[in-house]
Amino acid sequence: MPFTVLQHKLDERAAQGLQRRRRVLESPQGVHITVDGKDYLSFCSNDYLGLANHPRLIEALQHGAQQYGVGAGASHLVSGHSGAHHELEQALAAFVGKPHALLFSTGYLANLGAVQALVGRGDTVFADKLNHASLNDAMLLSRATVKRYRHNDMAHLAQLLEETHGGRKLIITDAVFSMDGDIAPLPELLALCEQHDAWLLVDDAHGFGVLGKEGRGSLAHFSLELPRIIYMATLGKAAGVSGAFVAAEKVVTETLVQNARSYIYTTASPPALASSLLASLEVMREEEWRREHLRKLIVQLRAGLSGLPWSLMPSFTPIQPLLVGSNEDAVVLSEGLRVRGIWVPAIRPPTVPQGTARLRISLSAAHSADDVSQLAEGLHELAQ
Ligand SMILES: *Cc1c(COP(=O)(O)O)cnc(C)c1O
């Protein structure tokens with residue numbers, strides 16, 4: 001067998017309880033889903049506003065397909081850049097308060113492309129230790145020198161900046177940390193950037209649509225409007241569809257058009273997705289109740305889960321991780337909920353640091369107060 005070595009590795013992984021498994025979803029994404037033939041109340045998805053199955057988005061997608069067909073057929077730089085893509089880029093730039101925006105097929109590709117286009121050998125990337133995997137991969141791929149600072153530790157970052165001379169300096173951070181739900185101190189990061197003439201790339205995958213007025217994201221949340229910030233957000237989470245964008249000064253987006261390999265050498269996403277995203281932006285701005293309802297659910301959950309042997313990590317975003325500790329305990333707890341018809345994923349190393357396995361509870365505007373009560377009851381039962 002030519003692959004014995006691979007089988008050994010897989011067996012090792014399974015023995016450690018770290019095997020990842022896919023489940024088959026048989027319903028649209030939502031808070032009530034059918035998985036492998038069974039119905040669940042779900043706290044798993046990043047569909048924070050409940051838009052992934054929204055009728056207006058579905059209708060816009062259908063119209064988009066009628067107008068543009070299903071496939072883009074080429075990359076943006078050849079013949080794949082449709083009117084829908086172009087209109088969406090303009091709408092996104094205006095929404096987040098930047099002069100220009102550039103669409104990417106996924107957030108993973110946006111991060112790879114942006115970091116690789118902006119820095120290279122002889123430059124330095126400063127990165128929070130808890131950044132998303134796509135930012136970590138991006139900085140390695142860029143071949144710049146990498147300096148990682150302790151999570152949200154501005155003193156550590158300042159020290160690393162002081163020790164660095166010459167070359168471009170790029171600080172990269174999640175705005176809302178994906179496995180912790182806490183927020184990067186963007187004003188302090190920006191002050192350090194000014195002081196050291198560094199650029200700041202903010203990955204707002206979990207803030208876009210959720211934070212700030214009308215869901216304009218983390219920069220709006222902190223009222224930050226500065227050319228030095230390069231803003232990236234994904235469109236498959238709160239926006240409910242798929243894709244990502246980088247918004248920045250024209251000189252930055254133009255540099256990406258010319259140099260970002262994950263932009264240049266890939267087929268543009270289907271134009272109909274852009275049509276659907278234009279509708280998503282409208283719903284996002286118009287329906288403030290979705291964010292208000294989310295905030296209420298967050299307060300309810302935090303109150304409802306007090307007194308458990310496990311504690312919620314400090315977070316006021318829809319990402320509410322319940323810190324369990326050992327991998328086995330996290331899996332047992334997740335299974336216990338699953339048996340009760342409630343689906344919450346156990347997140348284990350290497351996604352999170354050793355000894356900090358957790359249940360990653362994510363809330364959606366589509367949840368009801370009753371749904372949150374059910375989860376709290378389930379956890380209190382399992383605690384006994
Ligand atoms: C999900 C995520 C990404 C990747 O976005 P995709 O569109 O899913 O590829 C990037 N950064 C962060 C922080 C994320 O959570």
Any side-chain to backbone donor/acceptor pair from Arg23 onto Asp36? Under 3.5 Å, distance only. no

Apply side chain to side chain donor-acceptor pair (under 3.5 Å) to Lys147 and Thr164, showing your working. CA-CA 10 Å; Lys147 299 193 176 177; Thr164 306; 2.9 Å; yes

Atom CG in Asp174, atom CG in Asn111: separation rounded to 0.5 Å? 8.5 Å

Could you check whether any side-chain heavy atom of Asn53 comes within less than 4.5 Å of a side-chain heavy atom of Ile58, counting everything from C-beta outward? yes

Give the intermediate values and the outcome of side chain to side chain donor-acceptor pair (under 3.5 Å) for residues Gln300 and Ser373. CA-CA 8 Å; Gln300 184 197 344; Ser373 302; 3.2 Å; yes

For Gln258 and Glu254, which I'm curious about, is there any donor-acceptor pair between the side chains at under 3.5 Å? yes

Find out if a path of hydrophobic residues (ILVMFWY) with successive side-chain heavy-atom gaps under 4.5 Å connects Tyr149 to Ile183. yes

So which atom in Val35 and which in Glu26 form the shortest heavy-atom distance, rounded to 0.1 Å? C-OE1, 4.4 Å

When you compare the side chain of Arg261 with that of Thr266, does any pair of heavy atoms fall below 4.5 Å? no

Steps toward side chain to side chain donor-acceptor pair (under 3.5 Å) verdict (Gln374, Asp370): CA-CA 6 Å; Gln374 257 191 66; Asp370 214 43; 4.8 Å; no

Using a 3.5 Å distance criterion without hydrogens, assess whether the side chain of Ser334 forms a donor-acceptor pair with backbone atoms of Pro345. no

Is the CD atom of Glu87 crowded by more than 12 outside heavy atoms at less than 6.0 Å? no

Please walk me through it: do Val115 and Leu141 pass side-chain contact (heavy atoms from CB on, under 4.5 Å)? CA-CA 8 Å; Val115 177; Leu141 190 69; over 6 Å; no

Any donor-acceptor pair under 3.5 Å from Ser362 side chain to Asn46 backbone: no

Mind listing the closest non-hydrogen atom pair of Tyr48 and Ser45 along with its distance? CE2-O, 4.3 Å

Below 6.0 angstrom between ring centroids: does that apply to Phe95 and Phe245? no

hydrophobic_cluster_shared for Val372 and Leu382, side chain cutoff 4.5 Å: yes

Please check if the side chain of Thr317 supplies one atom and the backbone of Gly181 the other of a donor-acceptor pair under 3.5 Å. yes

If you compare all heavy atoms of Ala244 against all heavy atoms of Leu235, which two are closest, and at what distance to 0.1 Å? N-CD1, 3.8 Å

Take a 6.0 Å sphere around CZ of Arg302 and say whether it holds more than 12 heavy atoms from other residues, nucleotides or ligands. yes

Can you tell me how far apart OH (Tyr40) and CD1 (Ile342) are? Round to the nearest 0.5 Å. 11.0 Å

Can a donor-acceptor pair be found, under 3.5 Å and without considering hydrogens, that links the side chain of His100 to the backbone of Glu89? no

May I ask you to decide whether Glu335 forms a salt bridge with Arg338, counting only side-chain N to carboxylate O separations under 4.0 Å? yes

Can you tell me if His85 uses its side chain to pair, donor with acceptor, with the backbone of Ser82 under 3.5 Å? yes

What do the steps show when you test Arg358 against Asp180 for side-chain contact (heavy atoms from CB on, under 4.5 Å), and what is the final call? CA-CA 10 Å; Arg358 64 198 68 176; Asp180 297 64; 3.4 Å; yes

Within the 4.5 Å heavy-atom criterion, are Leu322 and Val344 side-chain neighbours or not? no

Donor-acceptor check, side chain of Asp11 to backbone of Ala15, threshold 3.5 angstrom: yes or no? no

Does Leu10 offer a backbone N or O that forms a donor-acceptor pair with the side chain of Gln19 under 3.5 Å? no

Any side-chain heavy atom of Lys237 sitting closer than 4.5 Å to one from Asp47? no

Do Leu294 and Leu49 come close enough that some side-chain heavy atom pair is under 4.5 Å? yes

Measure the CG-NE2 distance between Leu297 and His293 for me, rounded to the nearest 0.5 Å. 4.0 Å

Are there over 12 heavy-atom neighbours, none belonging to His81, within less than 6.0 Å of that residue's NE2? yes

Restricting to non-hydrogen atoms, name the atom on Ala127 and the atom on Met139 that form the minimum distance, rounded to 0.1 Å. CB-SD, 3.5 Å

Do other residues, nucleotides or ligands put more than 12 heavy atoms under 6.0 Å from the CD atom of Glu163? yes

Give a yes or no on whether Phe126 and Phe177 share a hydrophobic cluster (residues Ile, Leu, Val, Met, Phe, Trp, Tyr; joining criterion: side-chain heavy atoms under 4.5 Å apart). no

Heavy-atom check, side chain of Leu256 versus side chain of Leu118, under 4.5 Å: yes

Do Ile172 and Leu200 share a hydrophobic cluster, counting only Ile, Leu, Val, Met, Phe, Trp and Tyr and linking them when any side-chain heavy atoms are less than 4.5 Å apart? no

Could you give the distance from SG (Cys193) to CD (Glu188), rounded to the nearest 0.5 Å? 12.0 Å

Quick check: does any side chain N or O of Arg290 sit under 3.5 Å from a backbone N or O of Ala365, one acting as donor and the other as acceptor? no

Separation between CG (Leu379) and CG (Leu333), nearest 0.5 Å, reads 5.5 Å

Looking only at side-chain N and O atoms, does His151 offer a donor or acceptor that is under 3.5 Å from a partner on Asp182? yes

Check for me, please, whether Leu57 and Val31 land in the same ILVMFWY cluster - side-chain distances under 4.5 Å, paths through other members count. no

Can you name the nearest heavy-atom pair linking Ala114 to Val246, along with the distance? CB-CG2, 4.4 Å

Test side-chain contact (heavy atoms from CB on, under 4.5 Å) applied to Asp137 and Ser134, step by step: CA-CA 5 Å; Asp137 293 357; Ser134 58; 5.8 Å; no

Do we see a donor-acceptor contact under 3.5 Å between the side chains of Ser218 and Asp204? yes

Are any non-hydrogen side-chain atoms of Leu160 and Thr124 less than 4.5 angstrom apart? no

Candidate pair Met179 and Thr356, rule side-chain contact (heavy atoms from CB on, under 4.5 Å), full reasoning: CA-CA 11 Å; Met179 294 302 144; Thr356 68; over 6 Å; no

Less than 4.5 Å apart, side chain to side chain, heavy atoms only: is that true for Pro321 and Ile347? no

Mind checking the OG1-CD spacing from Thr255 to Glu249? Nearest 0.5 Å is all I need. 11.5 Å

May I ask you to check whether over 12 heavy atoms, not counting those of Lys38, lie within 6.0 Å of atom NZ? yes

How close do Thr34 and Ser27 get, counting heavy atoms only, and between which atoms? N-OG, 2.9 Å

Lys98 side-chain N/O to Leu226 backbone N/O, donor-acceptor pair under 3.5 Å: yes

Quick test of your reading of the model: are Asp123 and Arg143 salt-bridged, counting only N-O distances below 4.0 Å? no

What verdict does the side chain to side chain donor-acceptor pair (under 3.5 Å) test give for Ser364 and His367, after you've listed the backbone C-alpha separation in whole Å, the side-chain angles of each residue and the deciding distance to 0.1 Å? CA-CA 5 Å; Ser364 165; His367 283 121; 4.8 Å; no

